[in-house]
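Structure first, commentary second.
For clarity, every value in this text was computed on a predicted model and none was experimentally measured.
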Amino acid sequence: MALGNHSAITEFILLGLSANSHVQAVLFVLFLGIYLLTIMGNLVMMLVIRADSHLHTPMYFFLSHLAFVDLCFSSVTVPKMLENLLSQKKTISVEGCLAQVFFVFFAAGTEACLLSVMAYDRYAAICHPLLYGQIMSKSLYMQLVWGSWGLGFLDALINIFLTMNMVFCEAKIISHYSCEMPSLLSLSCSDISRNLIALLCSTILHGLGTFLLVFLSYARIIATILSISSTSGRSKTFSTCSSHLTAVTLYYGSGLLRHLMPNSGSPMELIFSVQYTVVTPMLNPLIYSLKNKEMKAALKRTLEKYLQHIKY
């Protein structure tokens with residue numbers, strides 16, 4: 001990493017969410033609880049989908065990958081945040097910071113693609129139910145999932161490659177609880193025009209682009225639902241996609257606002273970051289299980305099998 005005439009920067013200081021020690025103790029307990037729930041919820045969802053043959057469908061295949069991404073997403077930032085909440089020296093190495101930026105990009109980009117793929121799946125199931133098996137073939141949904149992972153990785157690789165050539169100033173304080181690209185750009189003493197262009201392209205193409213696909217899918221879904229004559233039919237059809245719509249709203253609402261607003265270290269930035277990197281990965285398993293009859297039935301069957309296995 002080029003450093004020019006500046007002294008070598010080996011670490012950054014993360015200011016975190018609060019400087020008050022009492023508040024930090026409360027935040028540690030809160031975020032530890034959230035992290036444990038995130039791990040437990042997403043692991044249970046992956047295990048149930050794998051164990052129950054009734055859930056071996058494209059929608060739940062996508063959902064199992066979403067659960068894995070959420071597990072990774074939360075694990076990229078929360079453990080370091082918890083460590084710093086208990087530590088007097090709230091630092092992160094330059095290499096650790098760059099690694100965190102890379103994996104945040106990787107997880108965020110992959111999740112955005114998966115959410116758009118899941119929206120397309122709901123569109124095919126609701127708008128073309130008789131052709132759903134042909135449209136969402138095994139080869140297609142496998143390609144869509146691995147394509148999502150591939151695009152997320154490529155997006156992260158391009159952005160982190162440009163970041164590794166940045167020259168960082170001696171002012172090494174990050175007004176955040178984790179390393180994110182907008183925070184790092186404000187610490188650079190070198191030309192960041194290429195980084196800004198890459199970040200803008202990522203936000204527009206990867207963020208707004210996938211959001212547009214979700215919007216178009218749901219526009220067709222809503223039009224199809226409104227054309228159903230019976231009230232019970234409309235309600236039943238809408239219930240099959242309401243959980244996904246809730247997850248999309250939470251993720252895109254906070255994620256896009258965080259990366260489109262100027263970096264100033266304001267409380268709103270921290271709130272949006274906490275929402276899409278910490279809270280949403282915890283809520284997704286609850287959203288998809290509590291609002292999904294098939295998932296609740298599968299959870300019950302899996303639990304009954306487990307209890308029978310212990311009994312005998």
Side-chain angles (χ1 to χ4, degrees), residues 1-42 70-108 156 159-160 163-164 166-190 192 195 254-255 258-259 261-283:
M1 186 184 301
L3 290 170
N5 294 324
H6 298 274
S7 59
I9 301 297
T10 59
E11 61 184 19
F12 296 113
I13 299 172
L14 296 169
L15 294 184
L17 298 172
S18 174
N20 187 301
S21 60
H22 298 293
V23 175
Q24 287 176 5
V26 173
L27 290 175
F28 176 82
V29 174
L30 174 64
F31 285 110
L32 178 61
I34 290 175
Y35 185 53
L36 293 176
L37 285 173
T38 301
I39 293 174
M40 184 175 66
N42 285 290
D70 281 335
L71 192 62
C72 297
F73 207 166
S74 186
S75 297
V76 170
T77 57
V78 178
K80 186 62 181 177
M81 186 209 311
L82 293 173
E83 177 192 334
N84 285 342
L85 284 171
L86 293 180
S87 174
Q88 292 295 324
K89 189 181 180 183
K90 306 178 188 304
T91 60
I92 185 171
S93 67
V94 172
E95 293 78 10
C97 191
L98 292 176
Q100 201 171 64
V101 170
F102 173 82
F103 285 110
V104 165
F105 256 103
F106 188 14
N159 279 276
I160 202 64
T163 307
M164 290 177 69
M166 284 168 47
V167 178
F168 294 109
C169 303
E170 293 181 21
K172 53 182 182 179
I173 297 175
I174 298 176
S175 301
H176 209 279
Y177 62 85
S178 68
C179 291
E180 291 187 350
M181 185 63 75
S183 301
L184 274 187
L185 294 181
S186 63
L187 298 179
S188 176
C189 292
S190 56
I192 59 170
N195 302 81
S254 54
R258 167 66 185 102
H259 285 90
M261 68 190 304
N263 188 63
S264 60
S266 67
M268 288 304 297
E269 284 182 34
L270 295 175
I271 291 171
F272 289 138
S273 291
V274 168
Q275 174 63 53
Y276 87 95
T277 62
V278 181
V279 178
T280 299
M282 178 197 68
L283 291 179

Inset, instruction - Step by step, work out the side chain to side chain contact (heavy atoms under 4.5 Å, CB included) result for Leu27 and Met81. - result: CA-CA 10 Å; Leu27 290 175; Met81 186 209 311; over 6 Å; no
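- Separating the CG atom in Asp70 from the CG atom in Asn42 is a distance of 5.0 Å, to the nearest 0.5 Å.
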Inset, instruction - Check step by step if side chain to side chain contact (heavy atoms under 4.5 Å, CB included) holds for Phe28 and Leu86. - result: CA-CA 8 Å; Phe28 176 82; Leu86 293 180; 3.4 Å; yes
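- Expressed to the nearest 0.5 Å, how far CG of Asn159 lies from CG of Leu98 amounts to 12.0 Å.
- Proximity of a side-chain donor or acceptor of Lys90 to a complementary backbone N or O of Asn84 within less than 3.5 Å is detected.
- For Phe73, the ring-ring contact (aromatic ring centres under 6.0 Å, His included) partners two or more places apart in sequence, or in a different chain, are Tyr276.
- Using a distance-only test at 3.5 Å, with no hydrogens or angles considered, a donor-acceptor pair links the side chain of Ser186 to the main chain of Ser183.
- Here the closest non-hydrogen pair linking Ser74 and Pro281 is CB-CB, 4.2 Å.
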Inset, instruction - Quick one: do Val94 and Glu11 satisfy side chain to side chain contact (heavy atoms under 4.5 Å, CB included)? Show the steps, please. - result: CA-CA 5 Å; Val94 172; Glu11 61 184 19; 5.6 Å; no
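- Looking at Ile92 and Cys179, their side chains come closer than 4.5 Å, going by heavy atoms from C-beta outward.
- Residue pairs meeting the salt bridge (Lys or Arg N to Asp or Glu O under 4.0 Å) criterion with at least one member in residues 72-84, sequence neighbours excluded, are Lys80-Glu83.
- With contacts defined as side-chain heavy-atom distances shorter than 4.5 Å, the pair Ser273/Glu180 qualifies.
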Legend entry - Residue pair Tyr177, Ser18: steps toward the side chain to side chain donor-acceptor pair (under 3.5 Å) verdict: CA-CA 9 Å; Tyr177 62 85; Ser18 174; over 6 Å; no
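- Residues Ser178 and His176 come closest through the heavy atom pair N-ND1, 3.2 Å.
- Residue pairs meeting the side-chain hydrogen bond (donor to acceptor under 3.5 Å, both in side chains) criterion with at least one member in residues 91-106, sequence neighbours excluded, do not occur.
- To the nearest 0.5 Å, atoms CD1 (Ile271) and CD (Gln275) are separated by 10.0 Å.
- Atom OG of Ser175 and atom CG of Leu187 lie 8.5 Å apart (nearest 0.5 Å).
- Between the side chains of Thr77 and Tyr35, no donor N or O sits under 3.5 Å from an acceptor N or O.
- Leu15 has its side chain out of reach of Ile174: every pair of non-hydrogen atoms, C-beta onward, lies at least 4.5 Å apart.
- In this structure, Ser75 contributes its side chain and Leu71 its backbone to a donor-acceptor pair below 3.5 Å.
- Under the 4.5 Å side-chain criterion, counting only non-hydrogen atoms from C-beta, Phe12 is not in contact with Ile173.
- Once rounded to the nearest 0.5 Å, the distance linking CG of Leu85 with CG of Leu82 reads 6.0 Å.
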Inset, instruction - Check the pair Leu184, Val101 against side chain to side chain contact (heavy atoms under 4.5 Å, CB included), reporting the backbone distance first and the verdict last. - result: CA-CA 9 Å; Leu184 274 187; Val101 170; 3.6 Å; yes
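- Separating the CZ atom in Phe272 from the OG1 atom in Thr277 is a distance of 13.0 Å, to the nearest 0.5 Å.
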